[in-house]
Amino acid sequence: MSRRTEIADVLAAPKLNETVTVMGWVRAFRSNRFIALNDGSSAKNLQVVVDQEKFDEELIRKVGFHSSIKVTGQLVESMGAGQAVEVHADQIEVLGETNLDKYPLQPKRQTMEFLRENAHFRMRTNTFSSVFRIRHAVAFAVNEYFHKNRFYYMHTPIITGSDAEGAGEMFRVTNFDPENMPKGEDGQIDWAQDFFGKATNLTVSGQLQAEIGALAMGKVYTFGPTFRAENSNTSRHLAEFWMIEPEIAFGDLEDDMDLAEDFSKYLINYILDNYMDDLEFLDKRIQDMEKNMKKEERRPMGLIEMLKFVVDNDFERITYTDAVNMLRNSKPYKKGRFEFPVEWGKDLQAEHERWLVEKKFQKPVIVTDYPKEIKAFYMRMNDDDKTVAAMDVLFPYIGEVIGGSQREERLDVLVSRMKDFGIEEEELWWYLDLRKFGGNPHAGFGMGFERMVQFITGMGNIRDVIPFPRTPKSAEF
RNA sequence: GCCUCUUUAGCUCAGCUGGUUAGAGCGCCGGACUGUUAAUCCGUAGGUCCUAGGUUCAAGUCCUAGAAGGGGCGCCA
């Protein structure tokens, strides 16, 4: 292909009165004269001005919604109000026509549900191209943050032979013929004959392996796909999602919280600093959507305003016990508005978390020191013998985005906790070895990548921040 | 897994207590338009009323079952 200039570059540093060649998809063709061209490099379109007399009528007819074209022409200052510069076309070539009779997308507002069913085209819309530019940028910022802070990117396995990770239902990995599973003498399936010589699953967490890395290299992180076979049908859950799991040696819960807060703010700042065009579009989109809603149902702050507020203020840090006391003194509790009971020892429900984050503090809240019964076996036991050094970071609208803890480094305590949870020592012999040989206090957390992208983009449904969502009964594309 | 709502034109929806040829806006298609910004204006076409049974003289409308999708909750990130 002959050289093209990307539209982001044309707009960022316009070379007025010079000839440029651009290629992109037609977002609109107004008045038989103005083409709004977008090539994905920017949230902003480039306006192409067409003088009909200079072109064949049949050619112009083919320039339709979402057809892809090549335009060569002079870049000049725009006479119109909506843009600074525009291209006056000298040559137009249609690279790919769109048969609008059959094409599902239309130049109008479309629902998220409809676009989800047309996920192979939805990235061509303003909303989704902004969302996926930001998704890319958040992923980049994740790696940049950790690299700058001397964390090593560790690729933990996607296929795991351990079923003691305790984070949920797993997808079985096998190359057995499902019609003819080899059975042992006891009539049970004989996994020893399977590909890996044992039962294997898709990972639900890279944390236990990340601990191996941290206890050798100091600071590591994982960032990869994670799989949960839970039958979860919500706007915050996926069966396949991406998780970021940093793990630090020589660190306690305090260090863990500091890292979680600093990291979260870095990601948000990176988007505020570099993707303002996309944020402005998404912000406006939410405001348009909320126009028809009652005041009390609208967000108290605009998207950009809220992101700035989050990075400019400290996250609130409270213990689980304090949270329970606050909830029991809250208006909705006293008026019986909560569906679920608030009692020390019971896990906080979504409605309780939302009250803490959206009503009480109106900013991210870190809840620490949960009862040991409701948290995982590897979390470090506190001196009170009732709580563990866990922390959940709760964000407005999304709820839990980060879950982490200081890890139990004391061999005897860990062994006794595993016994409580019914986990065989042989199953995790290597995990116990880490405590026997050169162990030390260490901590880490898992951040739901899509949940973070949801928060930054303001998208209401997690299926709309991943290109091809996998959810129960749904794996199209 | 539980609760709840929805399913009518390409899209978003209206269609009352069952009653003749099922409607609107937008989109498509055709036409007009050389400074538009969700362009505008005029015109045409377009329907297995989700599926299968049932009630009835008569079903888009009522009943039963099923399917698909949304929202809420649980599980978690």
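Order of the sequence lines sets the chain letters (A, B, ...), proteins ahead of strands, with each chain counted from 1. Only heavy atoms go into these numbers, but all of them, side chains included; no hydrogens, no water, no symmetry mates.
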Can you run down the salt bridge (Lys or Arg N to Asp or Glu O under 4.0 Å) pairs that involve residues 366-379 of chain A, sequence neighbours left out, and say none if there aren't any?
A:Lys375-A:Asp392
Can you confirm whether A:Arg109 is buried at CZ, in the sense that more than 12 heavy atoms of other residues, nucleotides or ligands lie under 6.0 Å from that atom?
no
Between B:G31 and A:Arg61, is there an OP1 or OP2 to side-chain N/O distance shorter than 4.0 Å?
yes
Does A:Thr111 place a side-chain N or O at less than 4.0 Å from the phosphate oxygens OP1/OP2 of B:U12?
yes
Is there a donor and acceptor pair closer than 3.5 Å between the side chain of A:Gln106 and the base of B:U12?
no
Which whole number of Å gives the distance between the C1' atom of B:C13 and that of B:C49?
13 Å
Classify the nucleic acid contact of A:Phe449 as base, sugar-phosphate or nothing, counting any heavy atom under 4.0 Å across all strands shown.
nothing
Using a cut-off of 4.0 Å on non-hydrogen atoms, how would the nucleic acid contact of A:Glu351 be classed: base, sugar-phosphate, or nothing?
nothing
Separation of B:C75 atom P from A:Leu348 atom CG, nearest Å, is 10 Å
Taking the C1' atom in each of B:A9 and B:U44, what is the distance between them to the nearest angstrom?
15 Å
Nearest-angstrom distance, C1' atom, B:A39 to B:C75
50 Å
Report the distance from atom CG of A:Leu115 to atom C1' of B:G10, rounded to the nearest whole Å.
13 Å
Classify the nucleic acid contact of A:Ala36 as base, sugar-phosphate or nothing, counting any heavy atom under 4.0 Å across all strands shown.
nothing
A:Gln207 side chain to A:Tyr378 side chain, donor-acceptor N/O pair below 3.5 angstrom
yes
For A:Phe34 and B:G35, say yes or no: do the ring centres fall under 5.5 Å of each other while the ring planes differ by less than 30°?
no
By the 4.0 Å heavy-atom rule, please label A:Asp101 as base, sugar-phosphate, or nothing.
sugar-phosphate
CD1-CZ distance between A:Ile466 and A:Phe132, expressed to the nearest 0.5 angstrom:
8.0 Å
Using a 4.0 Å heavy-atom cut-off, does A:Thr226 contact any base of the nucleic acid, only the sugar-phosphate backbone, or nothing at all?
nothing
Would you call the rings of A:Tyr153 and A:His155 parallel, tilted or perpendicular, where under 30° means parallel and over 60° means perpendicular?
tilted
Verify the neighbour count for atom NE2 of A:His147: are there more than 12 heavy atoms of other residues, nucleotides or ligands below 6.0 Å?
no
Have a look at A:Gly446 and say if it touches a base, only the backbone sugar-phosphate, or nothing, with a 4.0 Å heavy-atom cut-off.
sugar-phosphate
Can you tell me which stems RNA chain B forms when a stem means 3 or more consecutive Watson-Crick or G-U pairs under 3.5 Å?
B:1-7 with B:67-73, B:10-13 with B:23-26, B:29-32 with B:40-43, B:50-54 with B:62-66
Please check if the distance between the ring centroids of A:Phe315 and A:Phe361 is under 6.0 Å.
no
Let's test your reading of the model: under 3.5 Å, does the base of B:G35 pair with the side chain of A:Glu86 as donor and acceptor?
yes
In this structure, how many angstroms lie between the P atom of B:C75 and the CD1 atom of A:Ile462, rounded?
16 Å
Say we look at B:G1 and B:C63: how far apart would their C1' atoms be, to the nearest angstrom?
28 Å
A:Glu450 near the nucleic acid: base, sugar-phosphate alone, or nothing, with a heavy-atom cut-off under 4.0 Å?
nothing
Output yes when at least one side-chain N/O atom of A:Arg236 is less than 4.0 Å from OP1 or OP2 of B:C73, else no.
yes
Are any of A:Arg109's side-chain N or O atoms less than 4.0 Å away from OP1 or OP2 of B:G27?
no
Take atom C1' in B:U7 and the same atom in B:C57, then report the distance between them in whole Å.
29 Å
Under 4.0 Å, counting only non-hydrogen atoms across every strand here, what does A:Met79 touch: a base, just sugar-phosphate, or nothing?
base
Interatomic distance where NZ belongs to A:Lys108 and P belongs to B:A39 [whole Å]
13 Å
A:Arg33 side chain N/O closer than 4.0 Å to the phosphate oxygens (OP1, OP2) of B:U34?
no
Might you work through the ring-ring contact (aromatic ring centres under 6.0 Å, His included) test for A:His352 and A:Phe340, ending with a clear yes or no?
CA-CA 9 Å; A:His352 307 140; A:Phe340 293 89; 7.1 Å; no
Phosphate OP1/OP2 of B:G71: any A:Asn461 side-chain N/O under 4.0 Å:
yes
Within a reach of under 6.0 Å around CD of A:Glu113, are more than 12 heavy atoms found that belong to other residues, nucleotides or ligands?
yes
Base, sugar-phosphate, or nothing: which does A:Glu53 touch, judged by heavy atoms less than 4.0 Å apart?
base
Euclidean distance for C1', B:G18 against B:U36 (whole angstrom)
50 Å
Rounded distance in Å between the C1' positions of B:U40 and B:G72:
43 Å
Please report, rounded to the nearest Å, how far the C1' atom of B:U36 is from the CG atom of A:Asn45.
13 Å
Between B:U8 and B:U61, how many Å separate the two C1' atoms, rounded to a whole number?
11 Å
